[in-house]
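Just so we're on the same page: letters track the sequence lines, and every chain starts at 1.
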Amino acid sequence: MKGVGTVRTSAIRQALILITLAFLPTLGEAIYFRNKVSWQSRLSASEVVSVDQVQRWGDNVMWTDARPAAEFEHDHIPGAILLNEDSWNELLPLFLEQWSPDKRVVVYCSAQSCNASAEVARRLREEAQLKDNQGKNCVFVLEGGWEEWLKTR
Amino acid sequence: MDFSLRSVLYRIVALIVGGIFIYAGVIKVMDPIGFARDIDNYHMLPWVISVRLAFYLPWLEIFCGLAVLCGLFYRGGLLILNALISIFIIASIVAKARGLDITCGCFGQASKNLSFAWHLTLDFVLLACVIFLWLSDRRQSQPGAASGALALQGSHGVNKKL
């Protein structure tokens, strides 16, 4: 009787078996997604840019501020446009009015540890489907965010 | 409570809990990157761990849900689910206390619009159900009573009688 064996096995032993079993499909899925996931950082290296790099790009850059509106109004990178997740639906049309495929979008939030810029950049790529004239990615996240930009001002 | 009524209730709760975790797991298996972002939004683990957990946890949920549903490795499944829900409740409260605007990610995109209060209520209800199943099974697994898969089979027999 299979059930009697189950009853006798301790809960911890059963849990360990389940924990081990779950690794098998995980491994298969991880192999399937191996080239689609950034394993070391939330953003892949090609999606992050430094302040120096953006300055080398010249004028065809559209700074995008993903911080809350109050912080944007207090101070922001000259020429930056506000686009945060709090007012996404209202701000996105204003953003798209000013964007053109020849412009590179650089999104920033408060500091290295914030996620807002990564989320806004992701939504611009996936929802608004922003791409440059060659169909390549044109949305980047500023490494270090606003804090990093202040150091170079 | 009448034994047969208790058995039927026990069976229904097991079906609901198992079904919920299988559903939650399958949804997340289909979008591991989205789930990795949801874990990362808690700001508790580095990305390298978040992304690996995002691949592993949904499968663990599915296996535990199946265990509760089928009765095989039943108590082990309940033990893990208990731990998972408890950790999640603590993580949610800590994240909220730190002022983070988090999405629980429990059911992928389907849970994006759930408020924090609803997340927490759902988790506490699930925790109560898992504890109920654990205690019921413990009571029934005492000498002279069936346990785990046997208890479920027993309740099934009761259903037929009813």
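- Tracing side-chain contacts under 4.5 Å through hydrophobic residues (I, L, V, M, F, W, Y), one reaches B:Leu79 starting from B:Ile89; they form part of the same cluster.
- With a threshold of 4.5 angstrom between heavy atoms, A:Glu119 approaches chain B through side-chain atoms but not through N, CA, C or O.
- Using a 4.5 Å cut-off between side-chain heavy atoms of Ile, Leu, Val, Met, Phe, Trp and Tyr, with links allowed through other members, B:Leu127 and B:Leu81 fall into the same hydrophobic cluster.
- Open room surrounds CE on B:Met30; 12 or fewer heavy atoms of other groups in view lie less than 6.0 Å from it.
- Other residues, nucleotides and ligands contribute only 12 or fewer heavy atoms inside 6.0 Å of the CH2 atom of B:Trp118.
- Residues A:Pro25 and B:Phe63 come closest through the heavy atom pair CG-CE1, 3.6 Å.
- Rounding to the nearest 0.5 Å gives a distance of 13.0 Å between CD1 of B:Ile62 and CG of A:Leu21.
- Counting heavy-atom pairs closer than 4.5 Å to chain B, the top residue among A:Leu16, A:Leu27, A:Leu24, A:Val37 is A:Val37.
- With a threshold of 4.5 angstrom between heavy atoms, B:Leu60 approaches chain A through its backbone and through its side chain.
- Under the 4.5 Å side-chain heavy-atom criterion for Ile, Leu, Val, Met, Phe, Trp and Tyr, B:Val130 and B:Tyr74 are members of the same hydrophobic cluster.
- Nearest heavy-atom pair across B:Phe73 and A:Leu18 is O-CD1, 3.8 Å.
- Linking ILVMFWY residues whenever their side-chain heavy atoms come closer than 4.5 Å, directly or via other members, places A:Leu96 and A:Val139 in the same cluster.
- Remark: B:Phe55 CZ to A:Trp39 CH2 distance equals 4.0 Å, nearest 0.5 Å.
- Using a 4.5 Å cut-off between heavy atoms, A:Ile19 contacts chain B through both its backbone and its side chain.
- Counting heavy-atom pairs closer than 4.5 Å to chain A, the top residue among B:Leu66, B:Ile33, B:Asp40 is B:Asp40.
- Taken together through direct or relayed side-chain contacts under 4.5 Å among Ile, Leu, Val, Met, Phe, Trp and Tyr, A:Val120 and A:Phe72 form part of one hydrophobic cluster.
- Across every non-hydrogen atom of B:Arg75 and A:Ala11, the tightest pair is CB-CB, 3.9 Å.
- Nearest heavy atom pair, residue B:Trp59 against residue A:Ala22, reads CB-O, 3.8 Å.
- Comparing B:Gly77, B:Ala36, B:Gly76, B:Ala83 by how many heavy-atom pairs each has under 4.5 Å with chain A, the most go to B:Gly76.
- Residues B:Val29 and A:Glu29 form a side-chain contact, since some pair of their non-hydrogen atoms from C-beta on lies under 4.5 Å apart.
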